[in-house]
Q: 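Got a structure for you, written out below as C-alpha cells; questions coming shortly.
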Amino acid sequence: DRDMSDSRKTVLVVDDDVDLVLELQLQLEAAGYRVVTAHTDKEGRQVAAQTRPDAAIVDLMMEEHDSGFALSHHLKATMPALPVILLTAVASETGIDFDAVTAEERLWIKADVVLDKPVRFETLRAQLERLLR
C-alpha cells in the first residue's frame, strides 16, 4: 500500500546478515530511498511480490551458497525491468575469485551489477542511482 504522494524509489535489501541489512537500510533511507528488507531467498521473493520494488540489492550467499543467484534469477523472471545489484563476499570468504564461477552459472546470474563485499556505500549508491535512471 504505497502512498502515491511518496515519490521515493523503493529498494529491496536481502541479506542473511541482519546487521548489514540494518546498516544498508539506514544509509539508503538517509539517501532518500524507501527500503524493504528480507533475510532469505524465500522471504525476498515474498517481499518483492508484495512491494514491487524499484531495485533490489541481494547477497549472493545466504542460507544456501547460491541463494542470491536463485533469488536474482527469480526477480528477473518475474520483474524483468527490475535492476538487481548482487553483493558477494565470495572472494574474501573463500579465496575464490568471482571469475571462477562457471560459464553455465554466469548465464543465469541475472544481476545488473556484481559488487564485492565489503562495499563502500558511495559505490553502492552510485550504481543504484545509475540503474534507476
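Count residues from 1 along the sequence. The figures here come from the full heavy-atom set of this structure, side chains too, leaving out hydrogens, waters and symmetry mates.
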Q: Taking the side chain as every heavy atom from C-beta outward, state whether Val58 and Phe69 have any atom pair closer than 4.5 Å.
A: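 When only atoms from C-beta onward are counted, Phe69 and Val58 do not touch, as no gap falls below 4.5 Å.
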Q: Within a strict 4.5 Å, meaning less than it, do heavy atoms of the Val11 and Arg34 side chains meet?
A: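 Val11 does not reach Arg34 side chain to side chain.
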Q: Is any side-chain heavy atom of Pro53 closer than 4.5 Å to a side-chain heavy atom of Leu82?
A: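 Of all side-chain heavy-atom pairs linking Leu82 with Pro53, at least one is under 4.5 Å.
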Q: Would you call Asp116 and Thr88 a side-chain contact if the rule is heavy atoms closer than 4.5 Å?
A: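 Asp116 vs Thr88: side chains touch.
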Q: Going by side-chain heavy atoms closer than 4.5 Å, which hydrophobic residues are tied to Leu26, directly or by a chain of links?
A: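 Once heavy-atom contacts under 4.5 Å are chained together, Leu26 belongs with Leu22.
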Q: For Val47 and Ala38, which heavy atoms make the closest approach, and how far apart are they?
A: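 Nearest heavy atoms, Val47 then Ala38: CG2-CB, 4.2 Å.
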Q: Do Leu12 and Ile57 touch side chain to side chain, with heavy atoms closer than 4.5 Å?
A: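 No; the side chains remain at least 4.5 Å from each other.
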Q: Any chance you could measure Thr51, atom OG1, to Gln46, atom CD, to the nearest 0.5 Å?
A: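 If we round to the nearest 0.5 Å, Thr51:OG1 and Gln46:CD are 11.5 Å apart.
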Q: Among residues two or more places apart or on two chains, list those pairs meeting side chain to side chain donor-acceptor pair (under 3.5 Å) that have a residue in residues 23-33.
A: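 Output for this query lists Gln25-Glu29.
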Q: Can you find a pair of side-chain heavy atoms, one from Val13 and one from Val35, that are under 4.5 Å apart?
A: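 Yes; the side chains approach each other to less than 4.5 Å.
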Q: Does a salt bridge link Lys117 with Asp59, judged by any charged N lying under 4.0 Å from a carboxylate O?
A: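 Yes, Lys117 and Asp59 are salt-bridged.
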Q: I'd like to know whether Asp112 forms a side-chain contact (heavy atoms from CB on, under 4.5 Å) with Ile85, so could you lay out the CA-CA distance, the side-chain angles of the two residues, the decisive distance to 0.1 Å, and finally the verdict.
A: CA-CA 6 Å; Asp112 296 277; Ile85 296 176; 6.0 Å; no
Q: Just to verify, what does Thr123 make a side-chain contact (heavy atoms from CB on, under 4.5 Å) with, not counting sequence neighbours?
A: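 In terms of side-chain contact (heavy atoms from CB on, under 4.5 Å), with neighbours along the sequence ignored, Thr123 is linked to Leu115, Val119, Arg120.
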Q: Between atom CG of Leu60 and atom OG of Ser67, what is the distance when rounded to the nearest 0.5 Å?
A: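 Leu60 atom CG to Ser67 atom OG measures 8.5 Å (nearest 0.5 Å).
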Q: For residues 125-133, dump all side-chain donor-acceptor pairs below 3.5 Å to protein atoms at least two apart in sequence or in another chain.
A:
unit_1, atom_1, unit_2, atom_2, d
Arg125, NE, Glu129, OE2, 2.9
Gln127, OE1, Arg130, NE, 3.2
Gln127, OE1, Arg130, NH2, 2.9

Q: Any side-chain heavy atom of Met79 within less than 4.5 Å of one from Arg52?
A: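 Result yes, sub-4.5 Å side-chain heavy-atom pair found.
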Q: Does a side-chain heavy-atom distance below 4.5 Å link Thr37 with Val14?
A: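 Side chain of Thr37 against side chain of Val14, heavy atoms only: no contact under 4.5 Å found.
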Q: Of all the heavy-atom pairs spanning Leu86 and Gly68, show the shortest one and how long it is.
A: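 It is CD1-O, 3.9 Å.
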Q: Do you know which two heavy atoms are closest between Val21 and Asp15, and how far apart they sit?
A: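 Taking Val21 first and Asp15 second, the nearest heavy atoms are CG2-O, 3.4 Å.
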Q: Can you tell me how far CZ of Phe121 sits from CG of Leu28, rounded to the nearest 0.5 angstrom?
A: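 One gets 4.5 Å once the value is rounded to the nearest 0.5 Å.
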